Amino acid sequence: MLEKTYDPKSAEPRLYAKWESSGAFAPTEDPAAEPFCLVIPPPNVTGSLHIGHALNNTLQDVLTRFERMRGKAALWLPGTDHAGIATQMVVERQLAAEGNVSRRDMGRDAFIAKVWEWKASSAGTIQNQLRRLGASCDWSRERFTLDEGLSQAVRKVFVALHKQGLIYRDKRLVNWDPQFQTAISDLEVETREVQGKMWHFAYPLEGEAIDGVSEIVIATTRPETMLGDGAVAVHPDDPRYQKFIGRFVRLPIADRLIPIIADEYPDPEKGSGAVKITGAHDFNDFQVAARHGLSLISIMDEQAKMAGPIPERYLGLDRYVARKRVIAEIEEMGLLRLIEDKLIAQPFGDRSGVVIEPFLTDQWYVDAHTLAQPAIKAVENGDMVFEPRNWEKTYFEWLRNIQPWCVSRQLWWGHRIPAWHGPDGTIFVEESEAEAKAAALAHYGHETVLKQDEDVLDTWFSSALWPFSTLGWPQDTSDLARFYPTHTLVTGFDIIFFWVARMMMMGLHFKGEVPFKRVFINALVRDDKGQKMSKSKGNVLDPLDLIDEFGCDALRFTFTAMSGQARDIKLSRQRIEGYRNFGTKLWNAARFSQMNECLREDGFDPGAAKQIINRWIRGETVKTVLAVTKALEACAFDVAAQALYRFVWNVFCDWYLELAKPILNGDDGEAKAETRAMTAWALDVCLKLLHPVMPFVTEELWGKLAEFGAARDGMLITAQWPVFPEAWLDAEAEAEIDWVIALVSEVRSIRSEMNVPPSARAPLTLVGAGDVAKARLVRNRDLIVSLGRLESVKEADVAPAGAVPFVIEEVTAALSIAGFIDLAAEKARLAKEIANFAGDIERTAKKLDNPDFVARAREDVVEDNRERLAESKIAKAKLESAMDRLIALG
RNA sequence: GGGCGGCUAGCUCAGCUGGUUAGAGCACCUCGUUUACACCGAGGGGGUCGGGGGUUCGAAUCCCUCGCCGCCCA
């Protein structure tokens, strides 16, 4: 006998271990099985499971379990990401906290060894947390972005793209993070508006004044960069400055002559209309400098300290210290003209949080523009679809305006760039040092010393290959042949650019096919007030705590139920608690069925059921199967969850089991046997349908219930998803049970309103029943009596005096509860009912009186309204005559 | 500045290929231990669907406009 409640704490680890050891997570070897593959968005190898992972992985698991039960070769491929900057940052911080020397003092090899050590000690955390979540991924195929196979894929891709001219080395401005001392990509820069200032400096004109003007005033938000100015630019159409074009100004402090040039870039409306051009420290200025052939003067080092051809007193100063000094000196020289407050858009490193410096360096770039074209086309023509669809706009917008992707990072943790530099600067890009040496030998005609590029690749470079590198590429593996393209990718909208778009580019380029056919964008989990969860706000909900408190299934059901089209999920404990209760409800339904000996029967054919309630629940079950299947196919997770919840609680428990009780407790042996078997059958279907969402409690019940009745042939995880003939739908049974439910509901409602004690049993009289209603009554009399707590149900030509009437279709029912009737309350109830019908009649009649409606509305809509009007009129008349009798009574 | 969401019951949300008296869960009120379940059962109250305009026989649903909230890109 089942316990009164389900205990997730003991069941979950036991069941997971059983699944895992059974091999159920691996895709079936059956060659006829249709492949279904998901690749996990690889979490940081040293990370831990946060609420967003919990949501994301729950949805992946729902899909995987669903398709596995549908007989597909379902593969959910797990793995982790080395997460370059993030991991290196953590380890550097840890070293500092422990009082160790910095990574630079430690040296590259020693530092990398430290990171691997850290990885070894913290790896496995997230994998075990995914297990707690019930993730049915195939751990035997687990990959890591820095493992040998994936590293080989990275090298091969880099070399191939280089040979195709799609990866190249370029000297240009990059976003430089002075904290980590590395280049980062545009995507890793966060622009924030901050309160800043605009300084107006006068640059003295060299030579004779023009019309008495002997200076040009420029405006800048970054005074310290003036030391690297290469020109002053003015708009060619700006009448104030036209006459100065071609002349020179003497750059204060630096004491250099720089030209006044004409360019479209300066906006005459802004500042003074003249701008300083510092090509090595500003992206816009870089363009201007390139147009005019200006030399680029770099005046900072990797740490954003002042350096280069500048006055000695500035060397080594922090950029902000230098700023103050420049302003002070300019002021001293009498050249400071104005200081304005101004909101400025300032770039910050998304990881370091420090202000990014445009910095002139040599870096490796991917020609993203070229690779983007097929990626755009594939979504345009539907080879890959976003779900929800709207996200494709975001995707298109970014890809259509894509810039070269800077992929080199001056970090140590990551894939070393497979490029070797010769003594004369020639670069040999090859997959191995041996090949580079061979290439060098061919180039130089003799052996030379080569030095491998110091840099590593952007983490997202290896992630971009994930859908095929994890399947074994560049080897021709059977997995690759079978599972590429993968089916669905489930991920968050925050990495559409970082990851989804880049996988599309690389997948299409190297495999000639999209990496996945569908991308489901899951929502962002926020707290119950709609705020983003963050440690600093202290509003973080730890999924593992929630699992401890409510059980894993409750959390999973919550995520599933809340995954609609919305972009945010506001997670509240109350909601999780509600779904925990749902699990308990299911558990108790199973307990009930067990207590009533509802055993599964071999060879039981639901299609042959005779009892009306059994025919009805069979139909309801089929409807639910259809609804849930359709919803899961479409990633309409909330729709699936709602259909499951309603069916299990409001249909199966609230009505079917209640309707079954009189039969199970009665003495019609045949009816009892059929009802027992049907209950067991329907419960099994519930377990199957719920399993993708609530794997643990369903598997537990599956096992517990297997101790009785017909034998099972395996665990629920690999059970077959239900598919039933539509012939099992039963309109007649549905109409009949709906009628019974309406009748019983009315009786209950009246009892409650009239405060009839639960113990009081009243007779119910039906007046004016047609043949159908009479037949229904005969078949369901016991059920109605039992559920309505009635004394009896009879037919009569007239309602007994003093009974409370209500109308069900053509029948007037009268509940004899004399002694409990409060005359005033009953009059009020009747008046309200009559008013309801009157309102309905008025609305419907108004429509039908409108010739346009009758002429233009769809035929069936008009017909519905006609029927409705007729029914309402009859019901109203019946209630009115009851009201008359009541008034006559006194 | 461009783009994308959202605004429906006290709260969280569904409904939005136009056509029931606009639904659910939670919360609230009343009643109830009838041998599955109080993590429960029965009943009930509660919304002029953000404002305005338009299309239509008919609008929460389609179009326009305004307002507020949020996100992304520049």
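All values derive from a computational prediction rather than experimental measurement. So that the names make sense, note that chain A is the first sequence line, chain B the second, and so on, each numbered from 1.
Around CD of A/E3, the count of heavy atoms belonging to other residues, nucleotides or ligands within 6.0 Å does not exceed 12.
A salt bridge (charged side-chain N to carboxylate O under 4.0 Å, His left out) check over residues 739-755 of chain A, counting only residues at least two apart or in different chains, returns nothing.
Contact check of residues 746-763 of chain A against RNA chain B (heavy atom, cut-off under 4.0 Å) returns A/R748, A/S749, A/S752, A/P758.
The interatomic distance linking A/F396 (CZ) with B/C4 (P) rounds to 14 Å, in whole Å. At whole-Å resolution of the value, CG in A/D654 and C1' in B/C39 are 15 Å apart. The interatomic distance linking A/F498 (CZ) with B/C73 (C1') rounds to 13 Å, in whole Å. Taking atom CG on A/L657 and atom P on B/G41, their separation rounds to 12 Å, with Å as the unit. One interatomic measurement links the two molecules: CZ of A/R580 to P of B/C37, which rounds to 16 Å at whole-angstrom precision. In this structure, the CG atom of A/L524 is 10 Å from the P atom of B/C71, given to the nearest Å. Distance A/R591 CZ to B/C40 C1': 12 Å, rounded to the nearest Å. The interatomic distance linking A/D638 (CG) with B/G15 (C1') rounds to 11 Å, in whole Å.
Residues A/R580 and A/E549 are not in side-chain contact: their nearest non-hydrogen atoms beyond the backbone lie 4.5 Å or more apart. A 4.5 Å side-chain heavy-atom check between A/N175 and A/S185 finds every atom pair outside the cut-off. Using a 4.5 Å cut-off on side-chain heavy atoms (C-beta onward), A/I741 and A/E658 make no contact. In this structure the side chain of A/P41 reaches within 4.5 angstrom of the side chain of A/W499, judged on heavy atoms.
Comparing the P positions of B/U65 and B/G2 gives a spacing of 12 Å, expressed to the nearest Å. For the C1' atom pair drawn from B/U48 and B/A59, the interatomic distance equals 14 Å after rounding to whole Å. Atom name P, nucleotides B/C29 and B/C71: the rounded distance is 37 Å, in whole Å. The same atom, P, is picked in B/U20 and in B/C49; the two are 15 Å apart, to the nearest Å. Atom C1' of B/G6 sits at a distance of 23 Å from the matching atom of B/A74, rounded to the whole Å.
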**OP:** Encode nucleotides 18-25 of chain B as B, S and - characters from 5' to 3', where the letter depends on protein heavy atoms closer than 4.0 Å: B to the base, S only to sugar-phosphate, - to neither.
**Re:** -BSB--SS
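When the side chain to side chain donor-acceptor pair (under 3.5 Å) test is applied to A/D548, the partners found at least two apart in sequence or on another chain are A/R132. For A/S10, the side chain to side chain contact (heavy atoms under 4.5 Å, CB included) test picks out A/D7, A/R14, with sequence neighbours left out. Under the rule for a ring pair (Phe, Tyr, Trp, His ring centres under 6.0 Å), the partners of A/F498 that lie at least two apart in sequence or sit in another chain are A/W460. Annotation: ring pair (Phe, Tyr, Trp, His ring centres under 6.0 Å) contacts of A/W702 (sequence neighbours excluded): none.
Taking every side-chain heavy atom of A/N581 into account, B/C39 is the closest of B/A14, B/C4, B/C39.
For B/C13, one of the phosphate oxygens OP1 or OP2 lies less than 4.0 angstrom from a side-chain nitrogen or oxygen of A/K570. Note on A/K661: a side-chain N or O is less than 4.0 Å away from OP1 or OP2 of B/A36. In terms of phosphate contacts, A/W649 brings no side-chain nitrogen or oxygen within less than 4.0 Å of OP1 or OP2 of B/A36. The shortest distance between the side-chain N/O atoms of A/K4 and the OP1/OP2 oxygens of B/C39 is not below 4.0 Å.
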Using a cut-off of under 3.5 Å, enumerate the N/O to N/O pairs linking the protein to nucleotides 67-69 of chain B.
none

Under 3.5 Å between N/O atoms: give me all the protein pairs with nucleotides 61-63 of chain B, atom names plus distance.
none

Without placing hydrogens or testing angles, list every side-chain donor-acceptor pair under 3.5 Å for residues 853-863 of chain A, not counting sequence neighbours.
residue	atom	partner	partner atom	Å
A/R858	NE	A/D860	OD1	3.1
A/R858	NH2	A/D860	OD2	3.4

Got a list of side-chain donor-acceptor pairs under 3.5 Å for residues 634-650 of chain A, not counting sequence neighbours?
residue	atom	partner	partner atom	Å
A/N650	ND2	A/D654	OD2	3.3

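Under the 4.0 Å criterion applied to side-chain N and carboxylate O atoms, A/R389 and A/E392 are assigned as salt-bridge partners. Using a 4.0 Å cut-off between charged side-chain N and carboxylate O, A/K342 and A/E193 make no salt bridge. No salt bridge links A/E397 with A/K393; every basic N to acidic carboxylate O contact stays at or beyond 4.0 Å.
Note on A/Q574: only backbone sugar-phosphate atoms sit closer than 4.0 angstrom, heavy atoms only; bases stay farther off. No engagement by A/K846 is indicated, since no non-hydrogen atom pair under 4.0 Å with the nucleic acid exists. In this structure, A/K585 reaches the bases: a heavy-atom distance under 4.0 Å links it to at least one base atom across the strands shown.
A/F396 carries A/R400 over the face of its six-membered ring, with the cationic atom under 6.0 Å from the centre and within 45° of the normal. In this structure, A/R600 forms no cation-pi arrangement with A/W681, as its terminal cationic atom is not both closer than 6.0 Å to the ring centre and no more than 45° off the ring axis.
Where A/K393 and A/T191 meet RNA chain B, the nucleotide closest to each residue was compared, and A/K393 sits on the side nearer the 5' end. Nearest-nucleotide assignment on RNA chain B puts the 5′-proximal partner with A/V639, out of A/N588 and A/V639.
Aromatic ring pairs are classed by plane angle as parallel below 30°, tilted from 30° to 60° and perpendicular above 60°; the pair A/W391 and A/F493 is parallel.
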Original post:
How does RNA chain B look in dot-bracket form if you count Watson-Crick and G-U pairs under 3.5 Å, write [ ] for pairs that cross, and put | where a base pairs with another strand?
Top reply: ((((((((.[[[[.)...(...]]]].(((((.......))))).....[[[[[..)....]]]]]))))))).
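Between the base of B/A36 and the side chain of A/E3 there is no donor-acceptor pair shorter than 3.5 Å.
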